[in-house]
Amino acid sequence: MSFAVMNAIAIIEAKRLVRARMALTLLLLVPVFQIILFGYAIRPGDATVRISVAAPTQQGARDVVAALRKLPSVIVVDPVVAAGAADAAVRNGDATIGIELPRMRSMADPTAPGGPIRIIVDATDPLLTMATIARIESAYHADRVGRSDMADA
């Protein structure tokens with residue numbers, strides 16, 4: 001088919017569409033309603049995430065909680081000192097995200113095992129929890145960069 005033939009067919013169909021009011025209305029209104037409805041359905045809104053923090057020391061928990069309270073849409077459940085308590089809070093439904101801080105090696109406790117920070121997630125709302133974890137990681141890395149700048153000065 002040549003370009004002239006395709007152009008003529010497109011013009012004829014456009015004229016038919018303009019004459020048929022019902023088809024034109026459906027062609028314009030359905031996408032507008034879909035955009036409005038999907039816009040409300042996909043947007044998480046002002047949902048908050050409850051976070052539980054477990055640390056071996058009160059000071060360690062207070063430092064993490066102070067940093068988390070600066071994040072938007074985050075509610076920190078009272079931090080507890082017992083190891084495994086954040087995991088239990090997520091399993092019980094008291095928190096959506098649990099952060100378990102390990103015992104750290106220090107001069108006072110050189111035999112402490114040390115280890116990575118554990119983040120336990122209730123994945124019932126993955127979009128919301130993954131966005132919150134990204135904000136937590138971003139705040140952590142920003143804090144680390146700020147501390148390294150302070151050490152250089």
Checklist entry - Among all residues two or more places apart in sequence or in another chain, which pass the side chain to side chain contact (heavy atoms under 4.5 Å, CB included) test with Val5? => result Met1, Ser2, Ile9

Next on the checklist: Through direct or indirect side-chain contacts below 4.5 angstrom among Ile, Leu, Val, Met, Phe, Trp and Tyr, which residues connect to Val90?
Outcome noted: Ile120

Item to check | Linked, directly or transitively: Ile119 and Met130 (ILVMFWY side chains, under 4.5 Å) | outcome: yes

Item to check | All side chain to side chain contact (heavy atoms under 4.5 Å, CB included) counterparts of Leu29, not counting sequence neighbours | outcome: Thr25, Phe33

Item to check | Summary of salt bridge (Lys or Arg N to Asp or Glu O under 4.0 Å) pairs that have at least one residue in residues 10-31, sequence neighbours excluded | outcome: Glu13-Arg16

Checklist entry - Taking only residues two or more places apart in sequence, or in another chain, which ones meet Thr132 in a side chain to side chain donor-acceptor pair (under 3.5 Å)? => result Arg135

Checklist outcome for this item: Across all chains, not counting sequence neighbours, the side chain to side chain contact (heavy atoms under 4.5 Å, CB included) partners of Val18 are none

Checklist entry - Who passes side chain to side chain donor-acceptor pair (under 3.5 Å) against Arg118, sequence neighbours left out? => result none

Item to check | pair Leu68-Ile136: side-chain heavy atoms closer than 4.5 Å | outcome: yes

Checklist outcome for this item: Grouping ILVMFWY residues whenever side-chain heavy atoms fall under 4.5 Å, the cluster of Leu26 otherwise contains Met22, Val30

Item to check | Partners passing side chain to side chain contact (heavy atoms under 4.5 Å, CB included) against Ala20 (at least two apart in sequence or in another chain) | outcome: Ala23

Checklist outcome for this item: Here the gap from Thr129 atom OG1 to Ile51 atom CD1, rounded to the nearest 0.5 Å, amounts to 10.5 Å

Indicate every side-chain donor-acceptor pair of residues 91-102 with a distance under 3.5 Å to a residue at least two apart or in another chain.
unit_1 : atom_1 : unit_2 : atom_2 : d
Arg91  : NE     : Asp87  : OD1    : 3.2
Asn92  : ND2    : Ala88  : O      : 3.2
Glu100 : OE1    : Gly84  : N      : 2.9
Glu100 : OE2    : Gly84  : N      : 3.2
Glu100 : OE2    : Ala85  : N      : 3.4
Glu100 : OE2    : Ala86  : N      : 3.0
Glu100 : OE2    : Asp87  : N      : 3.1

Item to check | ILVMFWY clustering at 4.5 Å (side-chain atoms), partners of Val77 | outcome: none

